[in-house]
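No hydrogens, no waters, no symmetry mates; every other heavy atom, side chains included, goes into these values. For this chain, numbers begin at 1 and follow the sequence in order.
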Amino acid sequence: MGQEMENTFDVIVIGAGHAGCEAALAAARMKAKTLLLTINLDHIAFMSCNPAVGGLGKGHLVKELDALDGEMGRNIDATGIQFKVLNTKKGPAVRSTRIQADKMKYALRMKKRLEEQEGLQVRQGTVERLIVDGATVQGVETWWGEKFFGRAVVVTTGTFLKGLIHVGLEQFEAGRMGDFSSVGLSQCLKDLGFEIGRLKTGTCPRIDGRTIDFSRLEPQYSDDPPKPFSFLTRGITGRLVPCYMTYTNEATHEVIRSGFDRSPLFTGKIKGTGVRYCPSIEDKIVRFKERTRHRIFLEPEGLDTQEYYPNGLSTSLPLDIQIKMLRTVYGLEKVEITRPGYGIEYDFVYPTQLYPTLETKRIGNLFLAGQINGTTGYEEAGAQGLMAGVNAALRSRDEEIFVLGRDEAYIGVMIDDLVTKGVDEPYRMFTSRAEHRLFLREDNADLRLTEKGYGIGVVSKERYDAVVDKRRKIEETHELLRSVRLKPTKGTLERLLSLGMEGIKNPVTLEELLKKPEVVFDNLKRIDSRLETVEEDIAYQVELNVKYRGYTERQRDMIERTRKLEDKKIPSDTRYEEISGLSKEVIERFSKVKPFSLGQASRIPGVTPASITALLVHFKKKGII
């Protein structure tokens, strides 16, 4: 009995990649006794692909993860070696942060963070099967025969489920290069009745920096000053280094074509569907025949290594072709490979089998997060991991679930896309997927989400107090701008002209003046000295609030209209075949997805407005709505 109690937990997390780390930390922060099991303790939070965090759309997920007290933002701030904000010439809604990592320091710091977390136990072990009683998960059993029992289980296996690596026509089982794949757990999920698919991703060869001619390449330096990801990071103090840019050419493309007869992608060896938005280089030159070159970013893998990651050259071509290909690239004529690029196929679970909480519909208290749900990227995985960890902790003590809507977070957009529309290729987050992106900016993620996270116990008091203080300062600054009124006197007009601003004909407040396109907050500091003490992030929020007020008010009205459907919940035991006015096809779609609300039902592909009306009429007759 003592041994069984020792091996009993509130939450068990399988896998310590980016999803697993966030799931385990979130559950433990919520006071759930948590166990994290991973195949290799030395590869916790390992960056199997590009050594970077963030990017277009992905940066929004990291900011939201941080606002909910996730670790990814703080971890990359502490171990970053190049900091960039992308899309700075575009509107604030689509600006995204991207930080290059020292990948070994990133992994080591995350491991240390896990080991320090109160209530979290980390163990090495390969989970072979889930222990299920009826339709509820009870625990897990490892390859060594150990049994661990838990009230909730989170599966975050990444590319490890029946992982198969391809380099040319050679193939072998592995979860990633150097790690065993997980075969038993994949079969267990199939035996439990889950619909399993097959996806493919890949990575670039790594190259020896001592053999790169940097003098001929274009350096890409960090922003000055560098902007951190975490809202709690007060400054970046680590050493920063540049990335470098170069391009493929026609000679490169010719070498690549010469290897097509030994490419697993074109000879049918690879069966899984690849990433549309991050294709291999061989796929690029087939799909974009008109392009004579493709951009390559040479990214350092860390401060204490000479290895570089040639971002843009993901490939599964034979090793000899990889070497020849690289040596046709400007600046890489004498380059040496340290590790080959490869393609990897793996099993995933079709995510329409999940609720918006990421709990499976088939097995109670079982949650899935990360690439097992058909996504790609550290950021998508980490965000799912946190949500799964939070809901697993809530489920373990029978408390109310936590779901973010599409109008509240990119996390909500991603999860809704997965569980409502499903995937037929690896899912990647983009700003274009969010219909309310003017609200869902990187800069206001803490204002949107931190209070929600504090309410369920996943956010610390320190972070919550910081947001309360930030909100107060924003409102005080708005009040100050409204209280100062300028009159069109000669002195005022001369002052405005000296600041490069147009004159005024009628009295205006500083807030009204700030609405003008040519006026920025810094201009106002020279009009009223009290504004000089306003912090940069506060000034930025105030300026955006003023300049985009008309747009945001219209979007808020749209959100209120659509929220009415989101608030109308659908009972989980609804029998759609009993509802008149639904086609056989729509009944099948509803029965498969089991929508959470009328809002989710309306977003299922193939569902018409008439079908939603039929649901509405039926539920009103039943007195449910």
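Counting only distance, with no hydrogens or angles, the side chain of Ser186 and the backbone of Lys162 share no donor-acceptor pair below 3.5 Å. Side chain of Thr305 to backbone of Glu301: no donor-acceptor contact under 3.5 angstrom is found. Tyr244 places no side-chain N or O within 3.5 Å of a backbone atom of Ile296 that could act as its donor or acceptor partner. The backbone N or O of Asp283 sits less than 3.5 Å from a side-chain atom of Ser280, completing a donor-acceptor pair. Panel note: side chain Ser314, backbone Cys204; no donor-acceptor pair is recorded below 3.5 Å. A donor-acceptor contact shorter than 3.5 Å links the side chain of Ser460 to the backbone of Arg463. Counting only distance, with no hydrogens or angles, the side chain of Gln100 and the backbone of Ile81 share no donor-acceptor pair below 3.5 Å. Side-chain atoms of Ser258 come within 3.5 Å of backbone N or O of Val255 as a donor-acceptor pair. Side-chain atoms of Glu345 never come within 3.5 Å of backbone atoms of Thr159 as a donor-acceptor pair (strictly under, hydrogens ignored). Within the 3.5 Å criterion, the main-chain N or O of Ala67 finds a donor-acceptor partner in the side chain of Thr450.
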**Request:** Please test Leu514 against Leu524 for side-chain contact (heavy atoms from CB on, under 4.5 Å), starting from the C-alpha separation and ending with a verdict.
**Result:** CA-CA 8 Å; Leu514 187 57; Leu524 304 186; 4.0 Å; yes
**Steps toward side-chain contact (heavy atoms from CB on, under 4.5 Å) verdict (Lys525, Phe521)** = CA-CA 7 Å; Lys525 292 179 180 179; Phe521 195 92; 3.9 Å; yes
**Request:** Could you please spell out the steps behind the side-chain contact (heavy atoms from CB on, under 4.5 Å) verdict for Gln555 and Phe439?
**Result:** CA-CA 8 Å; Gln555 197 158 97; Phe439 272 123; 3.5 Å; yes
**Item:** Asp407 vs Arg437, salt bridge (Lys or Arg N to Asp or Glu O under 4.0 Å): CA-CA, chis, key distance, verdict
**Value:** CA-CA 8 Å; Asp407 60 328; Arg437 56 185 170 274; over 6 Å; no
**Message:** What verdict does the side-chain contact (heavy atoms from CB on, under 4.5 Å) test give for Gln384 and Leu65, after you've listed the backbone C-alpha separation in whole Å, the side-chain angles of each residue and the deciding distance to 0.1 Å?
**Reply:** CA-CA 9 Å; Gln384 289 176 73; Leu65 185 56; over 6 Å; no
**Message:** Could you walk me through whether Phe348 and Tyr350 satisfy the ring-ring contact (aromatic ring centres under 6.0 Å, His included) test, starting with their C-alpha distance in whole Å, then the side-chain angles of each, then the deciding distance to 0.1 Å, before giving a yes or no?
**Reply:** CA-CA 6 Å; Phe348 80 104; Tyr350 286 98; 4.8 Å; yes
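Between Arg448 and Glu64 there is a salt bridge, since a side-chain N of the basic residue sits under 4.0 Å from a carboxylate O of the acidic one. Between Arg406 and Glu435 a salt bridge is recorded (basic side-chain N to carboxylate O distance below 4.0 Å). At a threshold of 4.0 Å, the pair Glu254-Arg257 counts as salt-bridged, since one of the basic side-chain nitrogens sits closer than that to a carboxylate oxygen. Using a 4.0 Å cut-off between charged side-chain N and carboxylate O, Arg216 and Glu333 make a salt bridge. Taking a cutoff of 4.0 Å between a charged side-chain nitrogen and a carboxylate oxygen, Arg428 and Glu379 do not qualify as a salt bridge. With respect to Lys334 and Asp208, no salt bridge is recorded, no charged nitrogen being found less than 4.0 Å from a carboxylate O. Ion pair Lys473/Glu535 flagged as a salt bridge, since at least one NZ, NE, NH1 or NH2 atom sits closer than 4.0 Å to an Asp/Glu carboxylate oxygen. Between Lys103 and Glu307, none of the side-chain N atoms (NZ, or NE/NH1/NH2) sits under 4.0 Å from a carboxylate O, so this pair counts as no salt bridge. Taking a cutoff of 4.0 Å between a charged side-chain nitrogen and a carboxylate oxygen, Lys105 and Asp304 qualify as a salt bridge. Arg113 and Glu22 are not joined by a salt bridge, as no carboxylate oxygen comes within less than 4.0 angstrom of a charged side-chain nitrogen. Looking at Arg95 and Asp443, no side-chain N of the basic residue comes within less than 4.0 Å of a carboxylate O on the acidic one, giving no salt bridge.
Remark: the Thr315 side chain and the Gln322 side chain contain no N/O donor-acceptor pair separated by less than 3.5 Å. Donor-acceptor pairing under 3.5 Å is recorded for the side chains of Arg109 and Asn75. A donor-acceptor contact under 3.5 angstrom links the side chains of His253 and Thr248, judged on distance only. A donor and an acceptor atom, one from each side chain of Thr375 and Asn373, are nowhere located under 3.5 Å apart. If you check the side chains of Tyr427 and Asp417, you find a donor sitting under 3.5 Å from an acceptor. No hydrogens or angles considered: nothing links the side chains of Gln371 and Thr376 as a donor-acceptor pair under 3.5 Å.
Taking each heavy atom of Ala107 and Ala45 in turn, the nearest pair found is CB-O, 3.8 Å. Residues Gly382 and Met72 share a closest heavy-atom pair of CA-CE, 4.3 Å. When all heavy atoms of Gly55 and Arg98 are compared, the closest pair comes out as N-CB, 3.8 Å. The shortest non-hydrogen separation linking Phe46 to His18 is O-NE2, 3.3 Å. Looking at every heavy atom in both residues, Lys227 comes nearest to Phe83 through O-CD2, 3.5 Å. Across Ile212 and Leu298, no two heavy atoms sit closer than the pair CG2-CD1, 4.1 Å.
For Tyr106 and Tyr378, the ring centers are positioned 6.0 Å apart or more.
Listed by chain and residue number, nothing satisfies the side chain to side chain donor-acceptor pair (under 3.5 Å) test with Asp223 (two or more places apart in sequence, or in another chain). Take Ser48 and apply the side chain to side chain donor-acceptor pair (under 3.5 Å) test, not counting sequence neighbours, and it matches Arg176. Residues passing the side-chain contact (heavy atoms from CB on, under 4.5 Å) test with Glu218, sequence neighbours excluded: Gln220, Met245. Applying the side chain to side chain donor-acceptor pair (under 3.5 Å) test to Glu336 and every residue at least two apart in sequence or in another chain returns Arg327. Qualifying side-chain contact (heavy atoms from CB on, under 4.5 Å) partners for Ala174, counting only residues two or more places apart in sequence or in other chains: Ile165, Phe172.
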Side-chain donor-acceptor pairs of residues 229-242 under 3.5 Å, sequence neighbours excluded:
unit_1, atom_1, unit_2, atom_2, d
Ser230, OG, Asp66, OD1, 2.8
Ser230, OG, Asp66, OD2, 3.3
Ser230, OG, Leu232, N, 3.1
Thr233, OG1, Asp77, OD2, 2.6
Arg234, NH1, Phe231, O, 3.3

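Between the CG atom of Leu108 and the CD1 atom of Ile44 there is a distance of 9.5 Å, given to the nearest 0.5 Å. Between the CG atom in Leu86 and the CD atom in Glu442 there is a gap of 8.5 Å [rounded to 0.5 Å]. To the nearest 0.5 angstrom, Leu313 atom CG is 5.5 Å from Ile281 atom CD1. Considering CG of Leu36 and SG of Cys21, their distance stands at 6.5 Å, rounded to 0.5 Å. Atom OG of Ser181 sits about 8.5 Å away from atom CG of Leu164, to the nearest 0.5 Å.
Annotation: cation-pi pair Arg295/Tyr247 absent, no NZ/CZ under 6.0 Å from the ring centroid and within 45° of its normal.
Among Lys271, Lys200, Arg198, the one residue that satisfies the salt bridge (charged side-chain N to carboxylate O under 4.0 Å, His left out) test with Asp347 is Arg198.
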